[in-house]
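Here the structure is a predicted model, which is why all the values come from computation and not from measurement.
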Amino acid sequence: MPGAKVEELPDLSGMLPGPRLAGELAELPVGGLDEHGVVEVMRAARRLASWAESLELSAIAELDRRRSVQADRCGAWTVEMSRALCDEVSAALTLSGTAAAIQLGMAAMLEGPLLETGRALVEGRIDGDKARVICDGILGIGHDIGRRVESLVLPDAPRLTARQLAVRVRKAVIEADPEGYERRRKAAEKGRRVESYSNPDGTVDLAARDLPAEDAEAAYNYLNALASSIKADGDERPMDAIRADLVLELLRGKHPADLFPPPTHPQQHPPSPAAPTPTPEDSAAGARASRRGTGRSGGTRRTDPRRSTDGGTGDEEAAAITQTARDRLTALLDQIGDRGGPAERRLLVTEAGRRMTEALSPLKVRWCALAVDTGGHPVHGHHGYRPPAGMRRLIQARDRTCAFPTCNRRATECDLDHTIPHHKGGPTCPCNLAALCRGHHLLKQHPDWTLIQIWPGALLWITPTGHWYLIGPEP
């Protein structure tokens, strides 16, 4: 602001990232700096963020080492142990399983073959994105070649964008190991696929991945030529929109000649009607209609266990109980602070979770017993191991996805797992069933992990380190 006092800026450019730099930045009144000072703060903050990310990766590598030692005591490192470690990182950092696996791989590389890249991240000379580009670039090649590539690209990495660096890395890999590069390219092409991703604004991304480079370039050139011709005929849509619409129309079976307006009508004609596509509202209505259906099994009539006796929805009770349990567990661990090791904390949280479950048990039985047999007597749960179709649909609608905190696999693609095993007395009931994908179904059986269903749909996961994650409907 004109006339405002300009604060004196300490020498940030020569300061290595760490607690001292963090303290300096925390005390700086950014609004009182001149423009040069504001830019210096930006650059210092980026170095500090790189240092913080290096700490996260170092902690992941340390946890990996400790789990490896434990595996050696058991005799071998198994696929199940690797998945359990990945899930532990995923839950702790609220990452997807894929993202957690990437972090694990990156942590191992930066403390293995790419030590210099790890040091550059610690010192803030490169950021996490650039470190990830180098790690991705040497994935699957020998350590000696990886170090050679690192030595070629790392000196210029600080002045390059991540995209520019990726081009340099790819070129260095081809020069260092042309045969290996070609072998990995062919292997990647075998995994070619089409993926779709939902966006927060209600749109969807449709992507073809790992295509042969020449074929993909030829396809794009053809698409671009069609779009250019349509634009030249007077179409007022932006080129990007024309290309996107062309992809959809071609994939839905239209012939390229049908995409151009007739010569006698230069104005853009509306597209011919196509088969109606179900909207999200249609899907939701269908789901609600299926939930309104009544499931029958063995002469037992079932009503919706998501609905309480006073007419309210079960989501409300589950959300309130989830929040109360979360508050009590947080208060309990705040009381003990840093006392006790992982085993003691795990036992403490497990005992607290089980006591809450036992305290709620009478209410839970009454809440769940909204089925009556042919004689009009209340029934809690289904008599068999497999839940009837109606109960399955209700649990899938309740959970929506796998009940692990960071898993997004649809509940309809998951197992319905008995939280307390059926052969140990666990009922086949919504209060003891949850949707778990096959991987997290196996994780639940890991001896150092614990899963407790405090209330129908409110599940408490406890990790080997004593950390806990409680999921359930939000209030």
Side-chain angles (χ1 to χ4, degrees), residues 51-115 117-119 121-122 128 131-132 135-136 138-140 142-143 146 329 333 336 338-351 353 402-409 415 417 419 436-452 459-471:
W51 173 76
E53 185 163 0
S54 74
L55 285 180
E56 176 187 311
L57 292 167
S58 180
I60 291 173
E62 178 61 26
L63 185 62
D64 190 358
R65 279 191 292 270
R66 296 189 185 190
R67 294 290 176 262
S68 297
V69 170
Q70 294 169 4
D72 289 341
R73 292 174 186 158
C74 298
W77 179 264
T78 66
V79 173
E80 288 75 16
M81 290 176 177
S82 179
R83 287 174 178 167
L85 171 62
C86 187
D87 287 328
E88 195 169 357
V89 174
S90 169
L93 302 181
T94 58
L95 297 174
S96 68
T98 300
I102 290 172
Q103 289 294 90
L104 274 163
M106 188 173 170
M109 283 188 175
L110 295 183
E111 297 205 1
L114 296 180
L115 282 173
T117 301
R119 186 173 292 111
L121 184 65
V122 172
R132 193 167 291 107
C135 289
D136 290 346
I138 71 160
L139 194 64
H143 289 183
L329 286 170
L333 293 182
I336 66 170
D338 295 329
R339 300 189 299 275
E344 290 81 4
R345 294 173 70 86
R346 186 168 69 244
L347 288 173
L348 182 64
V349 176
T350 302
E351 180 63 22
C402 169
F404 188 75
T406 58
C407 187
N408 293 316
R409 185 173 291 276
D415 301 333
D417 171 66
T419 307
L436 294 181
C437 71
R438 187 57 53 88
H440 292 121
H441 193 163
L442 293 172
L443 177 70
K444 176 239 180 183
Q445 299 170 19
H446 192 287
D448 292 333
W449 283 74
T450 302
L451 176 61
I452 300 172
L459 290 101
L460 174 66
W461 290 85
I462 305 168
T463 76
T465 58
H467 289 85
W468 58 271
Y469 306 95
L470 183 60
I471 67 165

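Using a distance-only test at 3.5 Å, with no hydrogens or angles considered, no donor-acceptor pair links the side chain of S58 to the main chain of S54. Proximity of a side-chain donor or acceptor of S90 to a complementary backbone N or O of C86 within less than 3.5 Å is not detected.
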Original post:
Which is it for R67 and M81 under the side chain to side chain contact (heavy atoms under 4.5 Å, CB included) test, yes or no, and what are the steps along the way?
Top reply: CA-CA 8 Å; R67 294 290 176 262; M81 290 176 177; over 6 Å; no

Subject >> Derivation of the side chain to side chain contact (heavy atoms under 4.5 Å, CB included) call for T406 and S96 >> reply: CA-CA 5 Å; T406 58; S96 68; 5.8 Å; no

**OP:** Test Q103 against R132 for side chain to side chain contact (heavy atoms under 4.5 Å, CB included), laying out the working first.
**Re:** CA-CA 9 Å; Q103 289 294 90; R132 193 167 291 107; 3.2 Å; yes

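Under the 4.5 Å side-chain criterion, counting only non-hydrogen atoms from C-beta, T117 is not in contact with L121. M106 is not listed as a side-chain neighbour of I60, based on a closest heavy-atom distance of 4.5 Å or more.
Atom CZ of R65 sits in a crowded spot, with more than 12 heavy atoms from other residues, nucleotides or ligands closer than 6.0 Å. Within 6.0 Å of the NE2 atom in H446, the count of heavy atoms belonging to other residues, nucleotides or ligands exceeds 12.
The two residues Y469 and P405 make their nearest non-hydrogen contact at CB-CG, 3.7 Å. In terms of heavy-atom proximity, L329 sits nearest to V349 at CD2-CG1, 4.2 Å. Smallest separation of non-hydrogen atoms from L114 and G146: CD2-O, 4.1 Å. Nearest approach of G112 to L115, heavy atoms of both residues: O-CG, 3.3 Å. Considering all non-hydrogen atoms of both residues, P464 and W449 come closest at CD-NE1, 3.4 Å. In this structure, E56 and L93 approach most closely via the heavy-atom pair OE2-CD1, 3.5 Å.
Put simply, CG on L460 and CG on L451 are 8.0 Å apart, with the number rounded to the nearest 0.5 Å. In this structure, L110 CG and C135 SG are separated by 4.0 Å, a value rounded to the nearest 0.5 Å. Considering CG of L57 and CG of L104, their distance stands at 9.5 Å, rounded to 0.5 Å. Residue L55 holds its CG atom at 10.5 Å from CD of E53, rounded to the nearest 0.5 Å. One finds the CD atom of Q70 at 7.0 Å from the CG atom of D448 (value rounded to the nearest 0.5 Å). Between H440 atom NE2 and R83 atom CZ the span is 10.0 Å, to the nearest 0.5 Å.
If you check the side chains of T465 and T463, you find a donor sitting under 3.5 Å from an acceptor.
Aromatic ring orientation, W461 versus F404: perpendicular (interplanar angle above 60°, classes split at 30° and 60°).
For the salt bridge (charged side-chain N to carboxylate O under 4.0 Å, His left out) with K444, the qualifying choice from D417, D87, D415 is D417, the only one to do so.
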